[in-house]
2 protein chains.
Amino acid sequence: MARAGVTAERLTLVAAELADEVGLANVTVAALARHFGVKDASLYFHIKNAHDLRVRVALLALTELADRAAAALAGRAGKDALVAFANAYRDYAKRHPGRYAAMQIDLDPETAAASAGVRHAEMTRAILRGYRLSEPDQTDAVRMLHGTLHGFVSLEKTGGFRHTPRATDDSWSRTLDALDAVLTNWPPAQVAETETAR
Amino acid sequence: MARAGVTAERLTLVAAELADEVGLANVTVAALARHFGVKDASLYFHIKNAHDLRVRVALLALTELADRAAAALAGRAGKDALVAFANAYRDYAKRHPGRYAAMQIDLDPETAAASAGVRHAEMTRAILRGYRLSEPDQTDAVRMLHGTLHGFVSLEKTGGFRHTPRATDDSWSRTLDALDAVLTNWPPAQVAETETAR
DNA sequence: GTAGTAGCCTAGCTCTCCTAGGCAAACGAT
DNA sequence: ATCGTTTGCCTAGGAGAGCTAGGCTACTAC
């Protein structure tokens, strides 16, 4: 009875690969155990429960993406940085749909604060430094930027753009142009704040 | 043995309400059956399977949202229309998190084509008519707009903005200002198209 | 070498999804 | 009114997922 040598790290990595292949929803404790030639009950020695497993995948993905984004960002500024960051983001989501899906599960505040998610926020702010925005505009721009990237990639993945023939690559490129334009010329606050709700 | 009077419509509606209360993932066939005081097996007379149930919720949500957006859009144009549409979208997502989540599951092409999703696309295009964009810019703008709204709302819901104190309502308002600005002054195509990748 | 811990096991419970086959209530036609 | 026929619900049961309790064994530290 040789030991399989399962660790939480290996478990997480295989779970992430499995997620990319068959979808996050199909990453079950049982499937993972089969993959390691081990009984499912044995995995509970390494992970707390199925949700914990997914959270670990999410944290792995956040770190991986932060690393890639940081690499893409190195030595760039302005629109160049924006495009590099955005492409790293979209690229990762396309290459690793399961991990990207895991990134969307909401972590509890402490976990989120300790995650690589903060690096994402820092990098986004760093990009915006090239556009010379001061608070609170900067926060608003961070949120819009992050939202736009995520929204575009997310809709592209779920086939939301399928109905129109135009290549999504081109729309992506133009969306980045538009983001650059609006960040360069960030509009001043209109009328009253907090007056948006119907 | 009085009959419970279950129909696919009532089933879908209760499932949608349940989804808003306890999350889409917890909308199980068994829970739904309990809600109707009926055995779970009985529901398979009305729905094909659990996935079919979720799809029905998604279609319901798409229709409901399209109705609200259409009402909000009535008699408005330009930025006014943009803001009304966007607020209807965000409002619905906040009020009906479960239904909104259901809207994100990807439908197969035929189902999607027959859904109220096409009304969403039409309305988005209608809004853009006020900004006088011609193809293919219009398609790009539709995608960016849709992506930005979805992305912002989605990140807000999963707590992605939690770490910064600024009110999301204000960021939302400024994001709409920014969208209006960039649509008003849509930047011309930069350099070469399809040159975005890595 | 022996104690303790780490890693895996079996057994077994609950829950969900889903199929097969049965029975009774509602309804339409005679 | 009654006699099918359909419609709506039932029981029974299997497969698979999540998880717990408790036991055995291999490694590790001393």
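To find a chain, count down the sequence lines: A is the first, B the second, and so on, and within it residues start at 1.
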How many Å lie between [atom1] on [X] and [atom2] on [N], as a whole number?
{"X": "B/K39", "N": "C/dC18", "atom1": "NZ", "atom2": "P", "answer": "18 Å"}
{"X": "A/L32", "N": "D/dG16", "atom1": "CG", "atom2": "C1'", "answer": "16 Å"}
{"X": "B/F45", "N": "D/dC10", "atom1": "CZ", "atom2": "C1'", "answer": "13 Å"}
{"X": "B/L53", "N": "C/dT16", "atom1": "CG", "atom2": "P", "answer": "14 Å"}
{"X": "A/I47", "N": "C/dG7", "atom1": "CD1", "atom2": "P", "answer": "14 Å"}
{"X": "B/R10", "N": "D/dT7", "atom1": "CZ", "atom2": "C1'", "answer": "16 Å"}
{"X": "B/L43", "N": "D/dC9", "atom1": "CG", "atom2": "C1'", "answer": "10 Å"}

Open item on the list: Could you check whether A/S154 and B/H150, counting side-chain N and O atoms only, form a donor-acceptor pair closer than 3.5 Å?
Closed with: yes
Using the side-chain heavy atoms of [X], tell me which of these nucleotides is nearest: [options].
{"X": "B/R54", "options": "C/dC8, C/dC17, D/dC10", "answer": "C/dC17"}
{"X": "B/V38", "options": "D/dG8, D/dC10, C/dC9", "answer": "D/dC10"}
{"X": "A/H46", "options": "D/dC10, D/dC9, C/dC8", "answer": "C/dC8"}

Mind checking side chain to side chain donor-acceptor pair (under 3.5 Å) for [X] and listing every partner two or more places apart, or none if nothing turns up?
{"X": "A/R56", "answer": "A/D52"}
{"X": "A/D67", "answer": "A/R119"}
{"X": "B/Q138", "answer": "none"}

- [ ] For C/dT16, take OP1 and OP2 only and decide whether either is under 4.0 Å from a side-chain N or O of B/R34.
- [x] yes
Open item on the list: I want to check one thing: is the phosphate of D/dC10, taken as OP1 and OP2, less than 4.0 Å away from some side-chain N or O of B/S42?
Closed with: yes
- [ ] Could I get the full list of salt bridge (charged side-chain N to carboxylate O under 4.0 Å, His left out) partners for B/R76, not counting sequence neighbours?
- [x] B/D80
- [ ] Using salt bridge (charged side-chain N to carboxylate O under 4.0 Å, His left out) as the criterion, list what pairs up with B/R68, not counting sequence neighbours.
- [x]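 In terms of salt bridge (charged side-chain N to carboxylate O under 4.0 Å, His left out), with neighbours along the sequence ignored, B/R68 is linked to no residue.
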Produce the list of close N/O pairs, under 3.5 Å, pairing protein atoms with atoms of nucleotides 19-23 of chain D; give distances to one decimal.
| residue | atom | partner | partner atom | Å |
| --- | --- | --- | --- | --- |
| D/dC19 | OP2 | A/Y44 | OH | 3.3 |
| D/dC19 | OP2 | A/A50 | N | 2.6 |

- [ ] Name the nucleic acid region contacted by B/T28, choosing base, sugar-phosphate or nothing; use a 4.0 angstrom heavy-atom cut-off, strictly under.
- [x] sugar-phosphate
Open item on the list: Taking A/R125 first and then A/E135, would you say they form a salt bridge - that is, a charged N and a carboxylate O separated by under 4.0 Å?
Closed with: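 Salt bridge: yes.
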